[in-house]
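Just so you know, these numbers come straight off a predicted model, no measurement behind them. Values below: every heavy atom of this structure, side chains too, minus hydrogens, waters and symmetry copies. Each ligand, and each atom within it, is numbered from 1 in the order the structure gives.
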Amino acid sequence: MKQLTGKTKNNIAVFISGRGSNLKSLIKYSKLKKSKFRIKLVVSSKKGANGLLHAKKNKINYFVSNYKIKKNPEKKILLLLKKEKVKIICLAGFMKILSPNFINRFKGKILNIHPSLLPKYKGLNTHEKAINNRDKYSGFTIHIVNKKLDSGKIVFQKKIKIFNSDNAKLLENKIRKQENKYYPVVLDKLLN
Ligand code: GAR
């Protein structure tokens, strides 16, 4: 991913559905002088998503798209992305599947963070699966989004040891902490 205009920061959007801890860490990093991105838009698929508080607190434009009611929720999102001149989208706990048309419009410019060592455990309940299968390691993956679920080019992976004392919840928290630490840094490096 190339930085698009000289020294100016790249406009990004972050898509969320829940807690928003990755959004929070992306916001924090974006404020550093050295960061190569600025967050212009937050999109949430859920009205009550906790992560929206971070957008509000930091005066970032946000949009809630009610996927249940709207027939074509992406239409408005695409308009807003254009308005905000967004070049890169970071999915951060966004639990909806983007349409092939949408992915085409941002081909190679959508990143996702997924809580497993892909290609292992695509989809949901990754931590339960890792614990139930008595895996020695789990972790997270940052990848480019393509039209197949959790299958695009992997750009970064972090392995995390699973201890006997871990359960799914403990593992989830441990992995999320590491996600928060690495997501902004990996994005920033990609923009280099
Ligand atoms: C993160 O652990 C992320 O990897 C996962 O949702 C969590 C969101 O946390 N994403 C997926 O499962 C996508 N398939 P956050 O809302 O605190 O950033």
Side-chain angles (χ1 to χ4, degrees), residues 12-31 37 39 41-58 60 62-65 67 73-74 77 88-100 102-103 106 110-133 135 137-162 166-188 190:
I12 75 158
V14 183
F15 286 22
I16 61 166
S17 297
R19 178 194 315 254
S21 69
N22 282 296
L23 168 64
K24 187 178 174 196
S25 76
L26 285 162
I27 293 173
K28 190 171 172 204
Y29 193 98
S30 74
K31 289 181 179 169
F37 61 90
I39 302 172
L41 181 70
V42 170
V43 172
S44 172
S45 66
K46 267 198 197 150
K47 199 173 155 201
N50 194 57
L52 283 169
L53 296 177
H54 301 304
K56 289 177 191 166
K57 206 169 142 194
N58 289 281
I60 299 170
Y62 64 89
F63 174 67
V64 179
S65 183
Y67 271 70
E74 289 175 353
I77 298 175
I88 286 141
I89 296 168
C90 290
L91 306 185
F94 186 66
M95 303 312 269
K96 296 287 170 190
I97 293 176
L98 295 166
S99 74
F102 188 97
I103 293 168
F106 280 85
I110 308 174
L111 279 180
N112 182 37
I113 189 158
H114 181 79
S116 78
L117 296 171
L118 289 172
K120 227 175 180 184
Y121 309 142
K122 295 172 184 176
L124 301 174
N125 306 320
T126 57
H127 310 297
E128 285 82 352
K129 287 173 189 164
I131 294 282
N132 292 343
N133 288 338
D135 290 352
Y137 291 92
S138 187
F140 68 88
T141 304
I142 297 173
H143 67 93
I144 307 278
V145 172
N146 67 7
K147 289 173 197 163
K148 277 197 192 155
L149 182 72
D150 301 329
S151 298
K153 185 179 169 216
I154 291 172
V155 293
F156 183 82
Q157 255 180 345
K158 174 88 182 158
K159 224 168 146 184
I160 289 155
K161 191 161 169 46
I162 302 177
D166 278 335
N167 57 34
K169 197 76 213 152
L170 286 171
L171 182 62
E172 180 187 339
N173 289 339
K174 211 156 66 173
I175 290 177
R176 194 175 329 95
K177 240 187 184 167
Q178 294 299 308
E179 290 182 352
N180 297 166
K181 181 174 164 196
Y182 282 92
Y183 203 6
V185 179
V186 171
L187 168 65
D188 210 63
L190 283 174

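Using modelled atom types and a 3.5 Å distance limit, the side chains of S25 and K181 yield no donor-acceptor pair. Side-chain contact, Y121 with N133: a donor N or O sits under 3.5 Å from an acceptor N or O. Using a 3.5 Å distance cut-off with no hydrogens or angles, the side chains of S65 and S45 do not pair a donor with an acceptor.
Residue-to-ligand polar distances place S21 within reach of ligand 1: an N/O pair is separated by less than 3.5 Å.
Between atom 1 (C) of ligand 1 and the options R176, R19, K122, E179, the minimum heavy-atom separation is to E179.
Heavy-atom contacts of G93 reach the following atoms of ligand 1: 6 (O), 8 (C), 10 (N) (cutoff under 4.0 Å). Close contacts of ligand 1 with P115, meaning ligand atoms under 4.0 Å from a residue heavy atom, involve 4 (O), 5 (C), 10 (N), 11 (C), 12 (O).
Under a 4.0 Å heavy-atom criterion, I113 is in contact with ligand 1. Distances from ligand 1 to the non-hydrogen atoms of G20 include at least one value under 4.0 Å. Using a 4.0 angstrom heavy-atom cutoff, E172 does not count as in contact with ligand 1.
Ion pair E172/K169 flagged as a salt bridge, since at least one NZ, NE, NH1 or NH2 atom sits closer than 4.0 Å to an Asp/Glu carboxylate oxygen. Salt bridge present: D135 and K120 bring a charged side-chain N and a carboxylate O closer than 4.0 Å.
In this structure, the side chains of Y29 and Y183 stay at 4.5 Å or more apart for every pair of heavy atoms.
Nearest protein neighbour of atom 14 (N) of ligand 1, counting heavy atoms only, is H114 ND1, 3.2 Å.
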